[in-house]
Amino acid sequence: MAKLNILRYPDPRLHTVAKPVQAVDARIHQLVGDMLESMYDADGVGLAATQVDVHERVIVIDTSDARDDPRVLINPELVATSEEMTLADEGCLSVPLIYDKVPRHAKVTVRSLDREGKQQEFEAEGLLAICVQHEMDHLMGKVFVEYLSQLKRDRIKTKMLKKAREDA
């Protein structure tokens with residue numbers, strides 16, 4: 001496995017819409033393993049392939065307290081969403097140290113392929129539901145800061161560009 005470079009906002013590649021995975025093969029297995037390693041190393045709870053500059057519909061998530069229950073979602077789709085909404089602070093590995101409230105469906109039903117290419121369907125609520133929706137946004141080329149006001153987005157963009165210059 002290899003740790004992957006996570007793109008940082010406002011990198012324009014984060015706005016690329018991901019294509020469906022055509023086959024769950026050795027290349028996808030390697031990508032999933034590398035994404036899990038990268039997510040755990042960065043202390044995240046979710047990571048979309050878009051964030052590591054691979055523009056295919058692959059997500060890894062682990063919202064367990066022990067960090068030992070990884071979920072793999074290949075070609076995920078929301079098949080049901082609750083009318084009830086929730087508002088919780090979100091962060092993102094592509095926008096480190098920035099947190100803000102984003103409206104999300106309180107419950108979702110997700111259908112996807114698992115790590116082995118078998119179809120799975122599950123209901124999610126709480127942090128898992130938020131994480132699924134957040135990561136699926138990435139696959140559509142959307143970063144959570146786009147839910148915020150223009151003023152907040154501009155401030156975050158300025159802060160991120162300044163941090164990138166300092167790190168360079």
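Here, residue 1 is the first one in the sequence, and each next residue gets the next number. When reading the values below, keep in mind they use all heavy atoms of this one structure, side chains included, and skip hydrogens, waters and symmetry mates. Just so it is clear, the model here is predicted, and its values are computed rather than measured.
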What heavy-atom pair brings [X] and [Y] nearest, and what distance separates the two atoms?
| X | Y | answer |
| --- | --- | --- |
| I6 | S94 | CG2-OG, 3.8 Å |
| V24 | L113 | CG2-CD1, 4.1 Å |
| T63 | C131 | CG2-CB, 4.3 Å |
| L31 | A49 | CD2-CB, 4.4 Å |
| M35 | L47 | CE-O, 3.3 Å |
| P10 | M160 | CD-CB, 4.3 Å |

Against the six-membered ring of Y147, is K142 placed for a cation-pi contact (under 6.0 Å from the centre, within 45° of the normal)?
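Flagged: K142 positioned over aromatic ring of Y147.
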One should read off an interatomic distance between R57 CZ and I28 CD1, to the nearest 0.5 angstrom, of 12.5 Å
Straight-line distance of H138 NE2 to T16 OG1, nearest 0.5 Å:
12.5 Å
Let's go through R27 and Q30 carefully: what are the C-alpha distance in whole Å and the side-chain angles of both, what is the deciding distance for side-chain hydrogen bond (donor to acceptor under 3.5 Å, both in side chains) to 0.1 Å, and is it a yes or a no?
CA-CA 5 Å; R27 182 182 65 81; Q30 179 72 43; over 6 Å; no
For S112 and Q120, test the side chains for any donor-to-acceptor distance below 3.5 angstrom and give the result as yes or no.
yes
[X]/[Y] ion pair, N-O < 4.0 Å:
| X | Y | value |
| --- | --- | --- |
| R104 | D137 | yes |
| K152 | D100 | yes |
| R111 | E121 | yes |

With D11 as partner, the option from R8, H15, R13 fulfilling side chain to side chain donor-acceptor pair (under 3.5 Å) is R13
Kindly say whether V132 contributes a backbone atom to a donor-acceptor pair with the side chain of E135 at under 3.5 angstrom?
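No: the side chain of E135 does not pair with the backbone of V132.
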side-chain contact (heavy atoms from CB on, under 4.5 Å), that's the test. Do K159 and I98 meet it? Break it down for me.
CA-CA 10 Å; K159 189 181 287 188; I98 303 291; 3.7 Å; yes
Out of the candidates V58, L4, L7, N5, only one should pair with V52 under the side chain to side chain contact (heavy atoms under 4.5 Å, CB included) rule; please name it.
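Exactly one pass, corresponding to L4.
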